[in-house]
Amino acid sequence: MKSIKNICCIGAGYVGGPTMAIIAKKNPHIKVTIVDINAERIAAWNDKDLSKLPIYEPGLAEIVSEIRDKNLFFSTDINKAISESEMIFISVNTPTKTYGKGKGMAADLKYIELCARNIAEVAKSNKIVVEKSTLPVRTAEAIKSILHNTGNGVQFDILSNPEFLAEGTAIEDLLNPDRVLIGGESEDAIACLANIYGSWVSQDRILRTNLWSSELSKLTANAFLAQRISSINAISELCEHTGANVKEVSKAIGFDSRIGSKFLNASVGFGGSCFQKDILNLVYIARSYNLHQVADYWEQVIIMNDHQKRRFSDRLIKTLYNTVSGKKIAFLGWAFKKDTNDTRESAAIYVADHLLSEQAYISVYDPKVSDVKIQSDLNYLNTRSEAENLEYVNPVTSPYEALKEAHAVTIMTEWDEFKTYNWEEIYANMKKPAFIFDGRNILDKSEMEKIGFEYYAIGQ
Ligand SMILES: NC(=O)C1=CN([C@@H]2O[C@H](COP(=O)(O)OP(=O)(O)OC[C@H]3O[C@@H](n4cnc5c(N)ncnc54)[C@H](O)[C@@H]3O)[C@@H](O)[C@H]2O)C=CC1
Ligand SMILES: O=C(O)[C@H]1O[C@H](OP(=O)(O)OP(=O)(O)OC[C@H]2O[C@@H](n3ccc(=O)[nH]c3=O)[C@H](O)[C@@H]2O)[C@H](O)[C@@H](O)[C@@H]1O
């Protein structure tokens, strides 16, 4: 088995950063270099002020400060890092295509292909190339074809090693993974990677499969997780019509060990950069094999999620006497879940967009999301002009300011601090009747009603 002394990771994002930080921490004898074309992002990773790291993730800054410039490096010199390394992880973004064939469904693999071409061009010695990004099943074939047609005599082994971490708990997930999955053809290459994880993960948790099973397992895992949320969200709507309480239903079914209790929190809808993109990709792949029933089955998870976001804002408008025009609606939370600064596909963006189309004024407080990000998330939708978004959306740095004189408050992210607020003071400063729309079911209905609020939650 080849001994690995240098690792390069292309892509310094939410996966590349934390994953490589843990690999480097647990393998102090290996030099790990994370590279990116985004110079600003690399500069932020190298910033002495740890609050400037591009990603907020509990526990990450401490690890970066401990090993940065010892055996963990951040650089824009991609070619140098590729040529020095025996193992290269590709951890670049694979968003949904926004153009051409497969627009709105297929994964855009242009960044992956650029990486493969870059490696093919620069490599002068044998390399193990590891797919860390989430990819459509059979992508390794395309990577192989690009790498093996260079004619420079270099041998490339391709592995699939999808990442299962969730944002907000990335460090914990990486330190104690349920499993590590490695797909590949070369036993030796698989053993090299298993050995690196073996520094802290027991071998019986390191699963070895063929390339295609590994690639497809990642899409399948995300589809199953998202499907649980859409399933409980579908039931939440039925609860609202029948007097059942979705929290009680979740608990009751979750006690069945065959169902399990995790991932059964009804919400305003799942967000994040991956669930939607990966399911759309799965649907696209199924359709490309003419498996229409399979495609329709999984597509329903997305349809249900869109419905959940839409009906949340519809219910708010209806409750506020069928109009929010000119009314101030306070948003607590903008991130797609707590303990992250990531807002990609956050339900808050879509609910806000809907309310803005009804001429509401929106004030937003999120402990980790900047005003610039909030505006750019809305501008990206292109529903109205940037000037209008600036006029109608007001991101603020204090929750009490966001809530002052508001007609209603919506809880969009389950940040723990929201539960600790002085809700009596908030009530006193809001317009009456004061409404709460709790998109995360984190507040206590009877306590809120005792204060005087009209409280609406999901599935209650
Ligand atoms: N965000 C998450 O929690 C998880 C993401 N994934 C998957 O991991 C992959 C990466 O996701 P994130 O880290 O969230 O993306 P990200 O957008 O945070 O980071 C990707 C980085 O790759 C860089 N990049 C793109 N093309 C490049 C090139 N040719 N050369 C050098 N750098 C390049 C970009 O500048 C960016 O900084 C995706 O396939 C995603 O589906 C998998 C598990 C969890
Ligand atoms: O491939 C990925 O990107 C990752 O996607 C998810 O991780 P992530 O999106 O970071 O976070 P989750 O905890 O899965 O939450 C996703 C969304 O679902 C929502 N959610 C989650 C759980 C739940 O019970 N209810 C619910 O509405 C969250 O609030 C959030 O908006 C998966 O959990 C990871 O295993 C996977 O690696």
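Order of listing sets the numbers, starting from 1, for every ligand and every atom in it. Note: hydrogens, waters and symmetry copies are ignored here, and every other heavy atom, side chains too, is used. All residue numbers refer to positions in the sequence shown, counting from 1.
Contacts between L165 and ligand 1, counted as non-hydrogen atom pairs separated by less than 4.0 Å, involve both the backbone and the side chain. Residue contacts with ligand 1, taken as heavy atom pairs separated by less than 4.0 Å, involve V92 via backbone and side-chain atoms alike. By the criterion of a heavy-atom distance under 4.0 Å, the side chain of C274, and not its backbone, is placed next to ligand 1. Residue contacts with ligand 1, taken as heavy atom pairs separated by less than 4.0 Å, do not involve E57 at all.
Under 3.5 Å, the side chains of S202 and D204 contain a donor-acceptor pair of N or O atoms. Side-chain N/O atoms of Y350 and E345 include a donor and acceptor closer than 3.5 Å. Side-chain atoms of Y14 and N93 form no donor-acceptor pair, as typed in the model, at a separation below 3.5 Å. The closest side-chain donor-acceptor pair between Q308 and S236 falls under 3.5 angstrom. There is no side-chain donor-acceptor pair under 3.5 Å between N6 and K31. A side-chain donor from one of N176 and E172 sits under 3.5 Å from a side-chain acceptor of the other.
Nearest to atom 29 (N) of ligand 1 among the protein's heavy atoms is C115 SG, 3.8 Å. Of all protein heavy atoms, the one closest to atom 42 (C) of ligand 1 is T134 OG1, 3.5 Å. The protein atom (non-hydrogen) at minimum distance from atom 35 (O) of ligand 1 is D36 OD1, 2.6 Å. Among all protein heavy atoms, the one lying closest to atom 8 (O) of ligand 1 is V15 CG2, 3.5 Å. The protein non-hydrogen atom at the shortest distance from atom 12 (P) of ligand 1 is Y14 N, 3.9 Å. What sits closest to atom 41 (O) of ligand 1 on the protein, heavy atoms only, is K277 NZ, 2.6 Å. At the top of the distance list for atom 32 (N) of ligand 1, counting protein heavy atoms only, stands I37 N, 3.4 Å. The single protein non-hydrogen atom nearest to atom 30 (N) of ligand 1 is I10 CG2, 3.5 Å, given as residue, atom name and distance.
Of the N or O atoms in E167, one or more lie within a sub-3.5 Å distance of an N or O in ligand 1. Considering backbone and side-chain atoms together, T94 places an N or O closer than 3.5 Å to an N or O of ligand 1. Taking any N or O of R41, backbone or side chain, at least one lies under 3.5 Å from an N or O belonging to ligand 1.
Of the candidates N93, I90, L219, it is N93 that places a heavy atom closest to atom 20 (C) of ligand 1.
Remark: aromatic rings of F73 and W45 are distant, center separation not under 6.0 Å.
Rounded to the nearest 0.5 angstrom, I253 CD1 and L264 CG are separated by 5.0 Å.
By the 30° and 60° cut-offs, the orientation of the rings of Y56 relative to W415 is tilted.
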One line per pair, note the atom names and distance for all nitrogen or oxygen contacts under 3.5 Å between ligand 2 and the protein.
from: ligand 2; atom 1: 1 (O); to: K218; atom 2: NZ; distance (Å): 2.8
from: ligand 2; atom 1: 1 (O); to: N222; atom 2: ND2; distance (Å): 2.8
from: ligand 2; atom 1: 10 (O); to: E167; atom 2: N; distance (Å): 2.8
from: ligand 2; atom 1: 11 (O); to: K337; atom 2: NZ; distance (Å): 3.3
from: ligand 2; atom 1: 13 (O); to: K337; atom 2: NZ; distance (Å): 2.8
from: ligand 2; atom 1: 24 (O); to: L264; atom 2: N; distance (Å): 3.4
from: ligand 2; atom 1: 24 (O); to: N265; atom 2: N; distance (Å): 2.9
from: ligand 2; atom 1: 25 (N); to: N265; atom 2: O; distance (Å): 2.8
from: ligand 2; atom 1: 27 (O); to: S267; atom 2: OG; distance (Å): 2.6
from: ligand 2; atom 1: 29 (O); to: R440; atom 2: NH1; distance (Å): 2.6
from: ligand 2; atom 1: 31 (O); to: G271; atom 2: N; distance (Å): 3.0
from: ligand 2; atom 1: 31 (O); to: F336; atom 2: O; distance (Å): 2.7
from: ligand 2; atom 1: 35 (O); to: F164; atom 2: O; distance (Å): 2.7
from: ligand 2; atom 1: 37 (O); to: E163; atom 2: O; distance (Å): 3.4
from: ligand 2; atom 1: 37 (O); to: F164; atom 2: O; distance (Å): 3.2
from: ligand 2; atom 1: 37 (O); to: L165; atom 2: O; distance (Å): 2.7
from: ligand 2; atom 1: 37 (O); to: K218; atom 2: NZ; distance (Å): 2.9

